[in-house]
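None of these values were measured; they are calculated from a predicted model. Protein chains get the first letters and strands the later ones, always in sequence-line order, with residue 1 at the start of each.
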Amino acid sequence: MNSLEHTLQQAFQLAVPEVALVGVACVLFLLGTARGVNRHLAGFIALGGLAIAAISHFTALPRVPGIETVTPLLGDKFAMFVRMAAFATGAALVLFAWNECDDRRSSDYMACLLIATAGSSLVGTANDLIFLFLALELVSIPTYVMLYLPGLQSKKGQEAVVKYFMLSVMSSAMLLFGFSYIYGLTGTTNLAAIQEILPRLVAGSESTTAIIAIVFVTAGLGFRITAFPFHFYAPDVYEGGPTGTVAFLAFVPKVSGFAALLKLFAFLGSAHAVANEFVKQAMMLFWILSAITMTAGNVMGLLQNNLKRMLAYSGVANAGYMLIGLAVMPTQAYRGIDEAVVATGPEAIMFYLLAYGAMTIGTLTVISHLHSPNRPVETVDDVAGLRETHPYSAALLGIFLLSMIGLPLTAGFAGKFLLFMSALAAPAAAPMRDLFVALAVIGAVNAAIGAYYYLRVINAMFLRTSLSAPTPRRTAGPLWVTAIICAVFTVAFGVYPLPMINLSRAAVGGL
Amino acid sequence: MFEPSNLLLAVPALPLLGALLCVAFGSVKELRKWAHVPAVLCAALSCAAALTVVSNIGEADVHFPQDRTGEPISWFSVATATTKLSADFGLEADQLSGIMLIGITFIGTWIVVFSIGYMHGSPGYPRFFAAVSLFLASMTLLVLADNFLLMFAGWEGVGLCSYLLVGYWHDKPSAAAAARKAFLVTRLGDVGLLLGSFLLWQMAGRNSFNYQFIFEKAAEMVNAHPYLFPAACLLVFSGAVGKSAQFPLYVWLPDAMEGPTPVSALIHAATMVTAGVYLLARCAALFTLCPAVQATVAVIGAFTAILAAYIALTQNDLKRVLAYSTVSQLGFMFLALGCAGPVVPSFAVTAAVFHLFTHAFFKAVLFLSAGSVMHAMHDEIDMRLFSGLRKKLPVTHLAFLCGAAALAGLPLLSGFWSKDMILESALEAGESKRFGTLYYLLFGVAITTAAMTAFYTFRAYFRTFWGPLKMPEGAHPHETWVMNIPLLVLAIGALAVGIVAEPFTHWFSHFLGHAKTLVQADAGRVAEHHLNWPLMIGSGAVALLGIGVAWAMYAGNSQSADNLAKNLKTPYYASLNKLYVDEIYNVLIVQPFLMIAGFCKLCEAIVYDLVRLVAMVPRFLADLIRPLQNGLVQFYALSMAMGLAAIVGYLVLVAK
């Protein structure tokens with residue numbers, strides 16, 4: 001019974017886990033008004049909400065798929081991959097932000113975190129432009145609150161919120177503008193339908209309009225993934241924002257941004273047969289964005305003394321690496337059917353996203369753990385001599401930073417290897433093949449530049465002695481669970497990446 | 001759970017776990033002195049698992065993963081239409097690995113027990129046991145791997161552990177230097193092994209590193225690549241030369257005696273140094289196809305045997321005598337391996353592996369006895385400083401005597417039987433058409449070496465345990481049960497393992513002869529087992545002659561020995577100074593390399609400045625774009641809009 005009715009019914013079923021999350025979030029909002037609610041209760045409820053969502057994911061999964069070109073939600077493998085990543089990240093971040101807020105505001109914070117998690121999960125499921133936009137906004141709007149809540153009094157925090165709010169709204173406008181062009185061109189908001197129609201249109205006279213649409217969409221999403229020149233907010237917001245929210249901001253918008261980009265531009269592969277020129281233009285767009293983004297991120301990262309600013313630029317650079325995968329995505333269509341390849345662009349992106357998430361969130365957990373108002377840990381000098389005073393923290397931070405550098409046996413290496421290989425393995429028949437080889441080289445040079453500022457931190461931790469009074473010993477909180485999980489992922493994906501690569505491959509197989 | 005296949009995995013996994021536990025024990029202050037507990041337990045359990053596995057090797061080999069038809073466990077895999085490079089994890093226990101496993105885990109366990117007493121109270125106690133456990137894990141992985149790459153992982157693992165343990169007392173400069181030397185010299189061979197493995201992979205169709213897969217293509221390969229194939233074999237052999245301390249790479253082994261004595265016994269006598277012998281036995285199916293390579297192997301083996309025996313004649317350091325004797329005995333094994341081809345391969349290889357097996361027992365007991373002496377003599381091992389210890393250290397004396405008699409090849413003891421098989425292989429190889437004379441010559445060398453072996457072994461024995469009682473200052477001779485029990489167990493092994501396993505029952509050769517690689521190498525030829533009485537009587541007489549001379553010269557006072565040394569100055573000093581090989585290497589190899597290094601340092605200074613200059617470019621670029629990041633939100637918004645406009649403009653107007 002593959003009817004319209006069934007399709008709409010299963011569309012609701014697909015959203016059950018997210019509905020559950022939002023429901024729990026509402027409970028938390030209400031609880032926040034009650035007296036005597038402390039942050040531990042809020043944290044446990046949030047974790048419970050995520051558990052309910054995960055369970056309902058397995059129980060409420062529709063068995064018969066609906067009609068692709070009708071349904072607003074699509075439960076393919078890609079959606080499930082994004083959902084699992086979102087829920088896992090949500091749980092890690094709940095533990096991270098356990099003590100971020102005082103007892104009064106914690107339940108509000110956790111509620112916002114759950115809603116944002118639901119939003120990022122829905123991005124993977126969305127099969128409709130409007131739905132996609134709403135899902136992306138569902139990530140953005142709670143973020144404003146999360147940036148604001150923990151540091152109500154701090155001037156820097158307020159500045160960060162305002163900056164993020166203004167620029168985020170602007171980027172959403174760009175995104176919506178691009179969407180309106182796509183709708184205008186194709187006459188539909190359904191993504192599956194757009195994948196069918198758009199290739200035929202770009203072959204004709206509509207290619208200029210389509211290019212403008214693509215650029216605007218990319219600009220809007222470029223803000224979320226911190227691509228140059230839409231990244232300017234990142235350093236200021238990272239520096240001023242509360243660390244738990246920064247961890248969220250560093251990872252979740254990148255996941256939803258890349259998921260949306262992959263879903264939207266999957267049609268480029270099928271368009272090559274009819275509109276070679278157009279596909280080349282689109283590849284050029286991502287090529288330029290990738291090269292500029294990673295170079296700008298790494299070069300600016302060199303100058304930073306503030307750890308969180310440095311991580312912001314590192315996030316920019318990593319977005320640049322991942323854009324390599326997007327740029328080579330259309331070349332997949334030029335490949336022979338049985339031609340084996342180490343990794344295609346989208347596979348590499350999915351793998352690197354998770355690797356990046358583990359190492360970035362991990363780095364921020366350690367910084368957050370060490371930081372206290374009396375003895376701030378903000379600059380490179382603040383972690384000098386960490387090996388002597390906090391050997392375990394230093395070891396963990398060392399693992400994460402080595403992974404950022406991309407040393408073998410870490411997830412960062414495996415991810416970078418896959419991304420660069422995807423560029424080097426562009427099929428011979430594809431246009432711009434030489435340019436992709438050049439892009440891989442630019443990536444490698446950038447990785448070398450980036451190694452410098454990560455190594456500076458490692459050098460400070462292990463080889464220098466503490467400049468001021470050593471940071472006081474702190475008891476390990478729930479935060480440490482997140483840190484250790486991230487470290488295990490970082491090492492496990494690095495030592496034995498094959499299962500994760502296979503998962504990524506399965507996820508992007510249907511695009 | 002206790003399937004043979006899972007137990008097979010447990011054999012290397014348990015010592016690995018033991019190593020991790022030792023490290024964990026080391027990080028807790030109260031547990032540090034108990035760090036031997038996980039090491040001993042895991043080694044013993046691993047030994048039990050190994051014995052169970054070996055008892056299950058009947059007609060069929062034991063594999064992990066059990067189902068061989070499914071996807072292998074792959075670390076990574078890269079495949080194109082014509083090439084497949086994949087690092088697979090697969091274990092396989094056949095008869096050859098089984099024999100090795102028994103030796104490694106059984107002797108290893110007793111040596112770990114011995115170390116409890118020997119290492120008591122030394123700094124870094126947990127570190128020692130962690131490294132030894134890791135060694136056992138690597139060594140068992142080496143012999144169980146079913147492909148060249150995984151074997152190489154174990155191979156490098158044992159190299160690393162050897163480095164860590166030779167340099168165990170790392171604040172002692174000589175120990176640090178010895179560790180570095182051991183690592184670098186064996187590394188020379190390792191490079192060859194890796195190249196050889198990849199050559200074989202390439203010739204076998206760029207598909208798999210699996211032994212079975214490559215061996216099956218051996219005949220094809222030798223036809224298609226008549227020169228490249230022997231070259232690959234020689235490269236693999238060079239790995240064996242490095243690890244098993246053969247000429248010209250044997251120089252690291254004597255220096256490796258700087259490590260704690262249990263390490264010398266375990267790694268540098270019983271197990272790791274036999275990895276090369278194992279490798280060649282494993283690859284017998286390949287090597288027997290190249291007679292010239294086999295002749296090279298035999299020549300290198302025999303030459304090393306007599307060279308090392310000659311040096312051992314005059315050494316004063318007890319452990320060094322044993323070290324050179326190890327080099328020499330390994331030479332014997334390679335001589336036997338080199339006879340495979342002219343002789344039925346399963347016979348010659350069995351001779352080598354049998355000698356490996358018996359040698360592991362008696363050399364371990366000799367080293368542990370030497371360790372016991374050293375422990376009692378306040379860490380002094382120079383034979384000129386002590387003598388007549390047989391009353392003070394009765395158990396040690398007995399154990400050493402058993403080991404020495406076995407090593408000397410006294411009739412009916414272990415070493416006698418295995419050495420006899422080697423001599424018989426060489427003699428039989430002399431009857432072959434190609435290289436026949438050469439093998440006769442090598443037989444002569446071998447029998448001479450056997451006499452020298454008996455002499456220098458008993459020279460050491462008489463000088464240490466006979467004569468007037470003499471001890472260095474500060475020595476307080478004592479023996480403890482934790483050291484005595486392993487000594488006695490291994491001593492019994494040294495005496496009996498040979499006669500039980502082979503000469504009358506032929507159990508050993510029948511068992512080993514079923515190994516697939518040997519069946520393939522045999523190509524239908526059948527080994528004849530008979531007792532060659534003239535040869536046995538001859539080699540027994542030679543051993544007795546050597547012992548007799550040693551007795552005459554050293555049992556009482558050593559006046560006659562001193563006179564002989566005075567009369568034969570040149571050969572005496574040549575032997576005492578190890579034939580000046582280290583000095584020759586220093587002039588020929590080390591010094592030129594140092595000169596190159598100096599030149600490189602000069603170049604590096606120039607390159608360094610150039611790189612600094614290049615490294616300034618990103619910083620300069622950063623300073624250029626830094627003003628963009630001015631903190632003004634309106635400017636950020638403007639930048640976004642301008643960026644958007646620029647991209648649209650470029651794509652629509654320029655790139656069209």
Side-chain angles (χ1 to χ4, degrees), chain A residues 159 162-167 170-171 174 207-208 211-212 214-216 218-220 222-223 227-233 235-236 277 280-282 284-285 288-289 292 295-296 298-304 309 313 336 338-342 414 421 425 445-446 448-449 452 495-498 501, chain B residues 23-24 27 71-89 153 206-207 611-612 614-656:
Chain A
E159 185 191 329
V162 172
K163 274 184 186 164
Y164 185 69
F165 174 69
M166 304 280 243
L167 297 173
M170 181 168 159
S171 82
M174 289 175 178
S207 74
T208 309
I211 274 288
I212 292 174
I214 285 183
V215 173
F216 269 88
T218 310
F223 176 84
F228 186 90
F230 314 106
H231 73 283
F232 286 106
Y233 74 94
D236 296 9
E277 276 305 304
K280 230 192 277 182
Q281 265 178 316
M284 200 64 207
L285 164 68
I288 295 172
L289 265 190
I292 296 186
T295 312
N298 278 320
V299 161
M300 287 300 286
L302 283 181
L303 298 180
Q304 305 308 320
R309 274 189 95 83
Y313 283 113
D338 52 347
E339 204 177 321
V341 63
V342 181
M421 278 310 285
V445 169
N446 262 293
I449 298 176
Y452 176 79
V495 173
Y496 192 47
L498 212 56
I501 294 175
Chain B
V23 173
S27 61
E71 279 282 297
I73 300 174
S74 186
W75 183 36
F76 64 81
S77 170
V78 182
T80 64
T82 52
T83 307
K84 181 162 171 256
L85 182 65
S86 86
D88 296 336
F89 182 87
R206 295 165 168 266
N207 193 321
V611 170
R612 294 287 298 207
V614 174
M616 279 167 70
V617 174
R619 207 165 258 279
F620 178 69
L621 206 64
D623 280 327
L624 272 185
I625 57 174
R626 192 177 207 174
L628 288 180
Q629 193 77 38
N630 54 11
L632 298 176
V633 72
Q634 60 271 40
F635 179 79
Y636 291 173
L638 183 68
S639 307
M640 284 166 72
M642 296 287 279
L644 188 65
I647 295 170
V648 170
Y650 174 76
L651 286 179
V652 173
L653 303 176
V654 183
K656 189 91 187 197

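With a 4.5 Å cut-off on non-hydrogen atoms, A/Phe165 does not touch chain B at all. When heavy atoms are compared at a cutoff of 4.5 Å, A/Ile288 approaches chain B solely by way of its side chain, counted from C-beta outward. Using a 4.5 Å cut-off between heavy atoms, A/Ile449 contacts chain B through its side chain alone, with no backbone atom that close. Neither the backbone nor the side chain of B/Ala615 comes within contact range of chain A; no heavy atom of the residue lies under 4.5 Å from a heavy atom of that chain.
Rounded to the nearest 0.5 angstrom, A/His231 NE2 and B/Ser639 OG are separated by 8.5 Å. Note that the CZ atom of B/Arg626 and the CE atom of A/Met300 stand 6.5 Å from one another [nearest 0.5 Å].
Side-chain N/O atoms of A/Tyr164 and A/Glu159 include no donor and acceptor closer than 3.5 Å.
In terms of non-hydrogen atom pairs under 4.5 Å with chain B, the most contact-rich of A/Tyr313, A/Phe228, A/Tyr452 is A/Tyr313. In terms of heavy-atom pairs under 4.5 angstrom with chain B, the leader among A/Val162, A/Ile214, A/Asn298, A/Val215 is A/Val215. Interface check for chain B: of the options A/Thr295, A/Leu303, A/Leu302, the most heavy-atom pairs under 4.5 Å are formed by A/Leu303. Between chain B and the residues A/Ile212, A/Leu289, A/Leu285, the largest count of heavy-atom pairs under 4.5 Å involves A/Leu285. Ranked by heavy-atom pairs under 4.5 Å with chain A, the list B/Ser74, B/Gly643, B/Ala646 is led by B/Ser74.
Checking side-chain atoms of A/Tyr233 against main-chain N and O of A/Phe223 turns up a donor-acceptor pair under 3.5 Å. Here the side chain of A/Gln281 pairs no donor or acceptor atom with the backbone of A/Ile211 at under 3.5 angstrom.
The six-membered or imidazole ring of A/Phe232 lies near that of B/Tyr636, with a centre-to-centre distance under 6.0 Å.
Looking at heavy atoms from C-beta onward, B/Gln629 lies in side-chain contact with A/Arg309 at the 4.5 angstrom threshold.
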